[in-house]
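A quick note: this is a predicted structure, and the numbers were derived from the prediction, not measured. Naming: A, B, ... by sequence-line order, numbering from 1 per chain.
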Amino acid sequence: MVLLRILLLIPALQVVLASTSLTAAPPNSTTLAARIDDRLSARFKSEAIQPAPPANDAEFLRRVSLDITGRIPLAADVYEFLADESAGKRAKLIDRLLEEPRFAIHFSNLWRAELLPEATTNQQAAELERGFENWLIQRLRSRTSYDQLVRELLTVPLPASGQPAEPVLRDPARANPLAFLAAKDSKPENIAAAVTRSFLGIRLECAQCHDHPFAKWSQQQFWSQAAFFAGLEKRANGLLAPLTEAIDRREIASPKGGDKIAATFLVGSTPPWERQSPRVAYARWLTSPENPYFARAAVNRLWGQFFGVGIVDPVDDFHDNNPPSDPELLDELAAAFVASGFDLRFMIRSICQTETYQRTSARTHASQDESRLPARMVVKALTGEQFFDSFVVATGHRDAGEQGNARQQFLTRFALAGPISEPETSVQQALTLLNGRIVAQAAEAEQSPTLIAITQTPHLTTSMKIESLYVSTLSRLPSGPETEKLLAYVAAASPDRESERLGDIFWMLLNCVEFRVNH
Amino acid sequence: MLSELRLGRRTWLRSAAALAGAGAIPGWFGQLAARAAIDRARKRSCILLWMAGGPSQLDTFDLKPGTDNGGPFREIAAATAGMRISEHLPLLAQQSQHLAIVRSMQTKEGDHGRATAHLHTGYLPQASIRFPSLGALVSNELADAQADLPGFVSVGSQGAFTQPSVAAGFLGPRHAPLVVASDGIGRRGGGEGGTLRVEDLTSPSISEGRWQERLNLLHEMEQPFLASRPGPGTASHITAYDRAARLRSPAAMRAFDLTEESEAMRDRYGRGTFGQGCLLARRLVERGVPFVEVTLGGWDTHNNNFDQVRSLCGSLDPAWATLLADLSDRRLLDSTLVVWMGEFGRTPGINPRSGRDHYPVAWSMVLGGGGIRGGQVIGRTSASGMAVEDRPVHVPDLMATICVALGLDPRKQNVSNVARPIRLADPAGEPVKEVLA
């Protein structure tokens with residue numbers, strides 16, 4: 001009897017023990033960063049993998065700016081960071097970026113893409129986008145912990161069946177967590193699939209129609225998750241139908257007919273039912289520190305976002321035939337995340353402070369190709385928003401007239417497709433950058449704010465102008481050979497065509513692969 | 001470790017392919033494979049006429065006049081004895097010797113997105129595997145890497161699945177479709193389509209000489225970064241820019257210039273986006289493009305089915321009939337497979353809004369041209385149209401048939417993004433031999 005009790009406690013104990021092994025005080029990001037580096041060092045040694053050297057300041061600045069704030073640094077920031085000689089400047093930069101308003105905007109873009117994928121294909125879901133993003137931004141800015149955020153997302157209060165229904169969309173700009181449920185058409189099976197995929201890293205939807213082909217999940221288990229959301233009632237047609245909830249409903253009709261399936265957690269237990277929506281009990285279980293999947297899936301996602309490849313990859317596909325590249329590391333990160341109170345900024349800070357994150361993306365040794373763990377930084381794709389916002393920084397582009405329309409077209413054209421570790425440029429995108437109006441204007445001396453600024457600033461030598469172009473676009477100084485080649489390019493034309501030649505150089509920088517990817 | 005696994009599989013697959021080519025595998029498959037090896041010497045093309053939304057079979061190719069489900073349309077006799085199709089496809093009826101109508105398609109997906117993926121890739125959407133669209137598969141097999149024109153062109157595409165990277169799947173951006181869109185109003189085939197063009201193909205604000213100088217500068221200055229970061233990101237970039245630049249060759253630009261055709265020819269096809277898209281498809285096939293997909297949307301007729309189908313047929317009939325006749329006149333039809341289908345059919349039962357809803361249980365598609373024995377009907381549905389009574393055809397069978405018609409080996413494998421090899425056609429399928437020439 002006592003033995004049984006102890007066995008049941010072991011998972012909880014493991015989490016507690018793991019977290020206390022770091023430090024009794026709240027976890028420290030520098031310490032965690034060092035732990036990560038130590039583990040990976042040991043792995044690389046044992047596998048004879050030679051990791052890449054550290055990235056220089058410019059490479060690091062651009063990368064961390066894109067990863068935390070979703071766009072390249074301003075030219076002034078580049079100069080300042082390069083000139084700064086203080087110790088610990090990289091750590092200070094990370095802290096500064098995490099405090100910028102753009103941090104919340106960037107992460108809300110990423111999470112909206114993950115949690116509201118319907119918005120790209122469904123007109124009504126697209127109307128929910130803005131409100132959802134605004135809610136995410138609000139939560140991120142107010143430093144809501146990750147578990148709290150997920151609970152809020154799933155447990156938006158709804159009126160009971162007999163009451164007037166709650167609209168899912170009032171003002172499109174108003175912060176709106178209901179968007180998540182609404183975009184899934186408030187269908188229990190859609191919600192269950194999305195929740196388990198996004199927050200537990202499990203693709204349960206294969207088990208919607210039959211027992212999962214690879215993993216151990218059964219159709220019964222899928223529907224027993226969905227049952228927690230079976231009380232949602234749409235009061236009209238379409239995604240934007242107002243909602244009520246029958247909070248007494250604890251079971252769902254089985255798709256195979258026969259007995260109804262009761263709401264049961266994935267691990268087999270049921271909650272003590274209370275006089276409130278079953279979603280509350282579900283959210284509490286989902287985000288509990290004892291839930292073996294929740295924290296792991298969360299840190300794995302963050303790892304995948306910053307390193308390009310998750311410790312489990314794809315990040316929403318935890319199953320027995322897809323093991324973590326380092327299970328102990330994943331467990332340790334999960335424990336630290338829990339101990340921090342699910343503090344996102346803490347986790348991001350820890351990741352970005354590692355030597356691993358700060359390695360160059362240049363391939364310096366063949367052994368780096370063999371490693372599932374980051375021996376060099378992976379060249380990552382940019383989201384449409386990251387690319388457009390960086391483009392705006394580089395060129396000073398302003399939407400004349402139809403505000404946001406050029407942005408919307410750009411976002412559709414440059415939307416992220418495929419995994420982040422495999423950046424893609426399509427012929428369409430190449431044509432837009434090579435010949436499209438937006439880049440052409442940027443490269444025309446009369447129309448481009450950046451070019452105007454550079455060509456019209458007095459006392460700038462041609463060499464300094466070229467340098468300004470590089471700092472504005474590639475966020476770095478040009479090398480000696482680069483400057484030489486480009487000076488020769490400018491000199492090859494008559495002096496009255498200098499601004500034309502500078503325009504060509506600007507065009508070249510906006511088209512080169514170094515601008516197109518996150519390295 | 002993972003890369004070792006991939007290398008091992010690739011080597012194994014190469015030997016398997018060699019084995020197949022040598023006819024070492026017995027039985028009907030061996031014969032097909034041998035024929036495929038021979039046929040590869042003849043360049044083949046495919047034009048997919050994609051009917052987005054799910055066209056109603058009871059109002060096009062499998063009418064049930066005089067029944068409760070029949071609706072108001074009548075049948076007319078096609079040129080081929082015994083074949084009867086909708087009265088609203090009169091020009092096509094004259095081309096029936098080139099058509100093999102399959103009335104016994106039987107699938108299970110009734111969701112637009114999933115069914116579209118299913119019919120395009122030959123596989124049901126599965127976690128993590130990014131199956132390539134038929135166009136990407138054909139481009140991969142038949143495209144000339146040195147050609148200026150791409151291997152896969154998509155005209156008038158709509159919807160999320162037609163995003164180039166989604167269509168290319170694990171075959172990568174090299175086989176992503178070049179999208180040609182209409183810049184006019186009236187995106188449905190019925191409307192007065194604007195000019196079909198490849199967006200941003202040219203940069204009118206700059207001279208050719210200066211454009212070339214810029215491109216040379218780009219190539220030169222990019223080299224160090226490309227060399228230091230080998231991988232999918234840099235490779236994809238180089239490929240895309242190379243292809244974009246090659247589209248500017250005079251020959252490539254002319255391929256897309258419909259004003260080279262006579263007004264009479266343009267009128268015959270129909271001036272809407274779909275009609276002009278079919279004309280463009282003929283031009284591209286003439287110039288060696290192995291796969292062109294032309295989309296006609298608007299078939300999701302839950303409401304007001306009959307008016308809408310009549311209107312759509314008004315665009316479909318002249319375009320498709322002229323395409324077949326035109327290809328035939330130019331001696332291209334023998335080497336061009338023309339596929340007509342949507343993602344599913346529509347309910348035989350008519351709903352209260354005079355509409356028909358999604359129906360994958362029994363529906364029709366049509367094959368014609370190269371590799372196909374035309375002038376016949378395959379399969380049969382019940383009197384009510386509710387079920388397939390004879391010769392059911394599933395998606396894997398259809399894909400295998402298309403492969404063989406194009407001189408391709410349906411069992412050939414490509415390595416997917418999860419290192420699992422995926423055959424051109426799901427091995428559960430068998431080609432519909434009656435359809436093949």
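In this structure, the portion of B/T202 lying under 4.5 Å from any heavy atom of chain A is its backbone and not its side chain. Contacts of A/R516 with chain B are made by side-chain atoms alone, with heavy-atom separations under 4.5 Å and no backbone atom involved. Only the side chain of A/V379 comes within contact range of chain B, judged by heavy atoms closer than 4.5 Å. Contact annotation for A/A443: both backbone and side-chain heavy atoms come within less than 4.5 Å of a heavy atom of chain B. Heavy atoms closer than 4.5 Å to chain B are found nowhere in A/S479, neither backbone nor side chain. Proximity to chain A (any heavy atom under 4.5 Å) is restricted, for B/F225, to the side chain, taken from C-beta onward. Both the backbone and the side chain of A/A362 come within contact range of chain B, judged by heavy atoms closer than 4.5 Å.
If you take CE on B/M221 and CG on A/L486, they are separated by 4.0 Å, rounding to the nearest 0.5 Å. How far CD1 of A/I505 is from CG of B/L218: 12.5 Å, rounded to the nearest 0.5 Å. With rounding to the nearest 0.5 angstrom, the CD atom of A/E514 is 9.0 Å from the CD atom of B/E222. The structure places CD1 of B/I206 at 8.0 Å from CD of A/E500, a figure rounded to the nearest 0.5 Å. Distance check: A/M377 CE to B/R229 CZ gives 11.5 Å after rounding to the nearest 0.5 Å. Note: A/L431 CG to B/R243 CZ = 9.5 Å, rounded to the nearest 0.5 Å.
Under the 4.5 Å side-chain criterion, counting only non-hydrogen atoms from C-beta, B/L217 is not in contact with A/W507. A/L434 is listed as a side-chain neighbour of B/L215, based on a closest heavy-atom distance under 4.5 Å.
Among the candidates B/R248, B/E199, B/R210, the residue making the largest number of heavy-atom pairs closer than 4.5 Å to chain A is B/R210. Each of A/A430, A/A381, A/S371 has some count of heavy-atom pairs under 4.5 Å with chain B, and the biggest count is that of A/A430. The most heavy-atom pairs under 4.5 Å with chain B, out of A/S421, A/P419, A/C512, come from A/C512.
Side-chain atoms of A/N435 come within 3.5 Å of backbone N or O of B/L201 as a donor-acceptor pair. Of the possible polar contacts, none joining the A/T425 side chain to the B/S236 backbone as a donor-acceptor pair under 3.5 Å is found.
Across all their heavy atoms, B/D200 and A/R413 have their closest contact at OD2-NH1, 3.9 Å. Heavy atoms only, all atoms of each residue included: B/P230 and A/R363 are closest at CG-CD, 3.3 Å.
For CZ of A/R437, the number of neighbouring non-hydrogen atoms (other residues, nucleotides, ligands) closer than 6.0 Å is 12 at most.
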